[in-house]
Protein chains: 2
Amino acid sequence: MTDINFSRGATTSDSQGAEGVPAPRSGEMRWDIIELLFFAYRDFVGDADHELEAFGFGRAHHRVMHFVYRYPGLKVADLLDVLRITKQSLGRVLKQLLDEGYIVQKTGNNDRRQRLLYATPKGEALVGKLAGLQTDRITSALRDINPEGVAVISQFLRAMIDRDDPDKVLEAIFGTGSKKPRE
Amino acid sequence: MTDINFSRGATTSDSQGAEGVPAPRSGEMRWDIIELLFFAYRDFVGDADHELEAFGFGRAHHRVMHFVYRYPGLKVADLLDVLRITKQSLGRVLKQLLDEGYIVQKTGNNDRRQRLLYATPKGEALVGKLAGLQTDRITSALRDINPEGVAVISQFLRAMIDRDDPDKVLEAIFGTGSKKPRE
DNA sequence: CAAGATATGTCAACATGACTGACATAAATT
DNA sequence: AATTTATGTCAGTCATGTTGACATATCTTG
């Protein structure tokens, strides 16, 4: 049936592109890691996507719930930095989660303009269910990997992340800035 | 300014959810890997996203171009399997790439119903530019990791991917089925 | 050969989650 | 008192996904 040509790209030419742009230097590319990341992430988020349908939620709701649960008291502005979306876009999703009782807001103590976000028990349950699915996949993938190997994987993933202009959550993860995450 | 509570979740309660659903068993979760994957992938695809704007394309175009370039002669049906989208959705993106000369179709030799897809030099140049950005990030992230470490990372990513019902590209990557990728 | 299955393409309607721009309110800062 | 900041909201648009229906060419099968 299906007959892919396995010659791994660049069959047509490895010379010049249409506008004099050089064609990809295939040999130098990390096609392996690029594609593994694509498929690994596709299936990784796929776990949660399926479960979210039952709640009438999408990926956007998951991301918001996750970070609100993990970093209690997160401000709206912090969430915008982490998710890298606009407040209008966040607004809709956040409103739903508030209305349906997955998240509550508390006015900031020092700055009463701030709306600090917290997961309700209902929200915690949702996050836990989704994180459980993803943890199962991760645990399974790490089954035959020793602690040193896990450290290498962690090192690699950290090194893949932009370190310029880190948001508050990234500072927590990396332990930069003045504050340090209590590990 | 911003003051995240770093108590890493589950402050409100670790008991029962609203509907008797247990709250997440925080200690058992791989929050570290879950969040590292989120940020690593966000920045990984961010490289390409930025460049794609100059072409008036989006992520969807990138994914199509990538797999067409990498697996020359890919059928439309194979692409649908890999991307896990509908043909209507693929149709729009593919039509643009065909119209603008990034991809060409050739009628299948054995089965003349098939439209085998190939990247043009123009398409190759685009894929190469995007893969170059992503390769730079990967190479940088792997800088201090020895070959054994890279093998562990590869093993982990492979183990994160669903192996039931693999599409043609995954078969090529994993070397399952009768055909083996020439590595 | 006729009938059915397959590969692809297309029309129409719709949903989600992004976006920009403009504006409003309350509270903090200067 | 004036300005800035944090948040919320209205209105419109875009990209990318969806379902359902249908058309066309071609291959396969009885």
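A, B, ... follow the sequence lines: proteins, then strands. Residue 1 opens every chain.
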List the steps and the verdict of side-chain contact (heavy atoms from CB on, under 4.5 Å) for B/D144 and A/Q155.
CA-CA 9 Å; B/D144 299 327; A/Q155 177 191 345; 3.9 Å; yes

Report the C-alpha distance between A/E51 and A/H62 in whole Å, list the side-chain angles of each, state the deciding distance to 0.1 Å, and finish with yes or no for side chain to side chain donor-acceptor pair (under 3.5 Å).
CA-CA 10 Å; A/E51 187 66 30; A/H62 183 196; over 6 Å; no

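Rounded to an integer number of Å, the gap from CG of B/L90 to P of C/dA7 is 15 Å. Spacing between atom CG of B/L94 and atom P of D/dA15 amounts to 17 Å, rounded to whole angstrom units. B/D78 has its CG atom 10 Å from the P atom of C/dA7, to the nearest Å. A straight line from CG of B/L80 to C1' of C/dT6 spans 14 Å, rounded to a whole angstrom. As a whole-Å value, the separation of B/L52 CG from C/dC19 C1' is 17 Å. Between B/D49 atom CG and C/dC19 atom C1' there is a gap of 14 Å when expressed in whole angstrom units. Summarising the geometry, the separation between CD on A/E53 and P on D/dT18 is reported as 11 Å, rounded to the nearest angstrom. In this structure, B/L117 atom CG and C/dT8 atom P are separated by 8 Å, rounded to whole Å.
Atom-to-atom distance recorded for B/Q88:CD and B/L80:CG is 9.0 Å, nearest 0.5 angstrom.
Heavy-atom nearest nucleotides on DNA chain C were determined for A/R115 and for A/S89, and the one closer to the 5' end corresponds to A/S89. The residue among A/L98 and B/R59 whose nearest nucleotide of DNA chain D lies closer to the 5′ end is A/L98.
The pair B/D162-A/R137 meets the salt-bridge criterion, with a side-chain N (NZ, NE, NH1 or NH2) lying under 4.0 Å from an Asp/Glu carboxylate O.
Nucleic acid contact for A/Q105: sugar-phosphate only, since backbone atoms but no base atoms lie under 4.0 Å from a heavy atom of the residue. Within 4.0 Å of B/G91, counting heavy atoms only, lies no atom of the nucleic acid at all. Within the nucleic acid shown, B/R92 comes within 4.0 Å of at least one base atom, counting heavy atoms only.
Placement of A/I173 and A/V152 within a single hydrophobic cluster is found when ILVMFWY residues are connected by side-chain heavy-atom separations under 4.5 Å, directly or transitively.
Phosphate contact (OP1/OP2 of D/dA15, side-chain N/O of B/R63, threshold under 4.0 Å): absent. Phosphate contact (OP1/OP2 of C/dA27, side-chain N/O of A/R112, threshold under 4.0 Å): present. Taking only side-chain nitrogens and oxygens, B/T86 never comes nearer than 4.0 Å to OP1 or OP2 of D/dG17.
Residue B/I85 places its side chain closer to D/dT18 than to any other of D/dT26, C/dT8, D/dT18. The side chain of B/K87 lies closest to C/dT8 when the candidates are D/dT7, C/dA18, C/dT8. With C/dA18, C/dT8, C/dA28 as the choices, the nucleotide that has an atom nearest any side-chain atom of A/D111 turns out to be C/dA28. The side chain of A/K95 sits closest to D/dT9 out of D/dA6, D/dC27, D/dT9.
For B/R113 and C/dT8, a side-chain-to-base donor-acceptor distance below 3.5 Å is absent, hydrogens and geometry of angles not being considered. For A/Q88 against C/dG17, no side-chain N or O and base N or O form a donor-acceptor pair under 3.5 Å.
Side chain of B/K75 to main chain of B/G108: no donor-acceptor pair is present (N/O by atom type, distance under 3.5 Å, no hydrogens or angles).
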